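Each residue takes its place number in the sequence, starting with 1. All values below come from the heavy atoms of this structure, side chains included, with hydrogens, waters and symmetry mates left out. It should be emphasised that the depicted structure is a prediction, and the values quoted were computed from it without experimental measurement.
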Amino acid sequence: MMNNDFQTNLKPVLQKIFIVLGKQDREQLEKLVLTLSNLFQHMNFTSHLYFIAKNLSEGMPQLEYIQKNIMVFLKENLFARFYVNLIHRAPLETAKDIDYNFNYYYQPWKRSIRAFDIESNEHREAPRLVLLPVVVTDRQTDSKLLAGLFDRFNSSFLLPALYLNTDTFFLTEDENLLMKAHKVYYGHSNSAEAAEIVSTICSQDILEKASPNVASRTVLMNAPCPAALIISAQDGMVYSCMDAFRKKESLTNIYGEHANTLMTQYDQYHKSNSDCLECRKQMVEWFSSLGLPKGI
């Protein structure tokens with residue numbers, strides 16, 4: 001069993017990084033890429049990267065540029081595996097929209113990681129780079145069109161996820177759509193802003209992992225959240241957890257700090273933070289108050 005001094009000296013290993021993309025200029029994008037490249041060495045062997053974009057036309061070019069550096073890191077670190085989530089709205093008014101979005105955005109995105117798919121097939125093991133399009137819905141979302149898009153995703157080995165807010169829970173009535181989704185996120189309100197999305201994904205992940213341990217009483221509700229960072233690409237602000245992001249309590253700024261300095265500040269913050277229990281209580285209250293259909 002680890003002694004307390006050893007546990008205290010352990011450095012945080014990031015399991016997730018959330019990047020809220022914006023209209024940053026080229027210099028800012030280069031700095032973001034450099035920061036992420038330096039942070040990768042502080043991440044778990046299997047980690048998630050979440051890129052939150054307002055739409056495909058703005059978000060995909062930025063993600064493709066950043067992803068080139070992700071692939072460089074993976075080629076140099078053969079034990080690492082990343083799950084890249086692109087959280088975005090996908091306007092679908094007609095079947096032609098499915099063809100256009102898939103052929104112009106999603107298919108080239110998938111083709112860009114062909115080398116890792118070949119590596120996976122040759123070694124008969126799980127791919128080290130997995131792409132997950134997370135579609136944020138609205139009241140106008142047509143479940144049949146969305147199911148059609150998800151069919152295209154699944155046939156191309158893209159793992160689609162669905163982000164619902166309280167205005168779009170009606171989509172859960174379509175069992176065919178839910179069956180095609182790799183994962184479904186349930187927002188706490190009718191908002192689909194970045195802070196709400198980050199909060200939903202973090203809290204749902206924590207509750208899902210804690211649920212099997214509740215009966216055995218091995219879960220500690222006051223334990224810190226899994227190590228994660230939230231980066232606002234437009235202004236460079238870095239947040240240490242979902243609660244800090246909601247409250248706009250930034251840790252530092254990537255446009256002025258090196259990754260190692262950033263991680264030192266992150267470590268100090270987590271060792272001194274005592275708000276985890278209150279935050280998790282709020283998390284449980286959120287999900288218990290959701291009017292989800294039976295069986296969800």
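Here the side chains of Thr252 and Thr261 are not in contact, with every heavy-atom distance at 4.5 Å or above.
Looking at Tyr65 and Glu30, their side chains do bring a donor and an acceptor atom within 3.5 Å of each other. For the residue pair Asp138/Thr141, the side-chain donor-acceptor check at 3.5 Å is satisfied. A side-chain donor from one of Asn55 and Ser57 sits under 3.5 Å from a side-chain acceptor of the other. For the 3.5 Å distance criterion, the side chains of Ser199 and Arg246 qualify, holding a donor opposite an acceptor. Of the N and O atoms on the side chains of Asn85 and His48, at least one donor lies less than 3.5 Å from an acceptor on the other residue. One side chain, Ser112 or Gln67, offers a donor N or O that lies under 3.5 Å from an acceptor on the other. In summary, the side chains of Tyr163 and Thr200 do present a donor paired with an acceptor at a separation below 3.5 Å, with no hydrogens or angles considered.
Atom CD of Gln62 is separated from atom CG of Leu32 by 8.5 Å, given to the nearest 0.5 angstrom. The structure places CG of Leu39 at 6.0 Å from CG of Leu36, a figure rounded to the nearest 0.5 Å. Once rounded to the nearest 0.5 Å, the distance linking OH of Tyr186 with CG of Asn165 reads 12.5 Å. Going from atom OG of Ser240 over to atom CD1 of Ile230 covers 7.5 Å, rounded to the nearest 0.5 Å.
Residues that satisfy the salt bridge (charged side-chain N to carboxylate O under 4.0 Å, His left out) test with Glu193, not counting sequence neighbours, are absent from this structure. Taking Asp235 as the reference, nothing meets the salt bridge (charged side-chain N to carboxylate O under 4.0 Å, His left out) condition, with sequence neighbours excluded.
Under the 6.0 Å cut-off for aromatic ring centres, Phe82 and Phe73 qualify, their centroids lying closer than that.
A single hydrophobic cluster is seen to contain both Phe51 and Tyr104, as judged by linkage of ILVMFWY side chains at heavy-atom distances under 4.5 Å, directly or through other members. Cluster membership for Val184 and Phe170, using ILVMFWY side-chain heavy atoms within less than 4.5 angstrom, is shared. Both Tyr100 and Trp109 sit in one connected hydrophobic cluster of ILVMFWY residues. Membership requires side-chain heavy atoms under 4.5 Å apart, directly or through other members.
Taking the six-membered ring for Trp and thresholds of 30 and 60 degrees, Tyr106 and Phe153 have ring planes more than 60 degrees apart, a perpendicular arrangement.
Through direct or indirect side-chain contacts shorter than 4.5 Å among Ile, Leu, Val, Met, Phe, Trp and Tyr, Leu132 is connected to Tyr83, Val130, Leu159.
The number of heavy atoms from other shown groups lying within 6.0 Å of CD (Glu125) is above 12. Within 6.0 Å of the NZ atom in Lys54, the count of heavy atoms belonging to other residues, nucleotides or ligands does not exceed 12.
Remark: Arg152 is positioned above the aromatic ring of Phe102, its terminal NZ or CZ atom under 6.0 angstrom from the ring centre and at most 45 degrees off the axis.
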Trace of the side-chain contact (heavy atoms from CB on, under 4.5 Å) decision for Leu21 with Ile66:
CA-CA 11 Å; Leu21 299 172; Ile66 295 168; 4.2 Å; yes
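Between Glu27 and Lys31 no salt bridge is recorded (no basic side-chain N to carboxylate O distance below 4.0 Å). A salt bridge between Lys16 and Asp205 is present, with a side-chain N of the basic residue lying under 4.0 Å from a carboxylate O of the acidic one.
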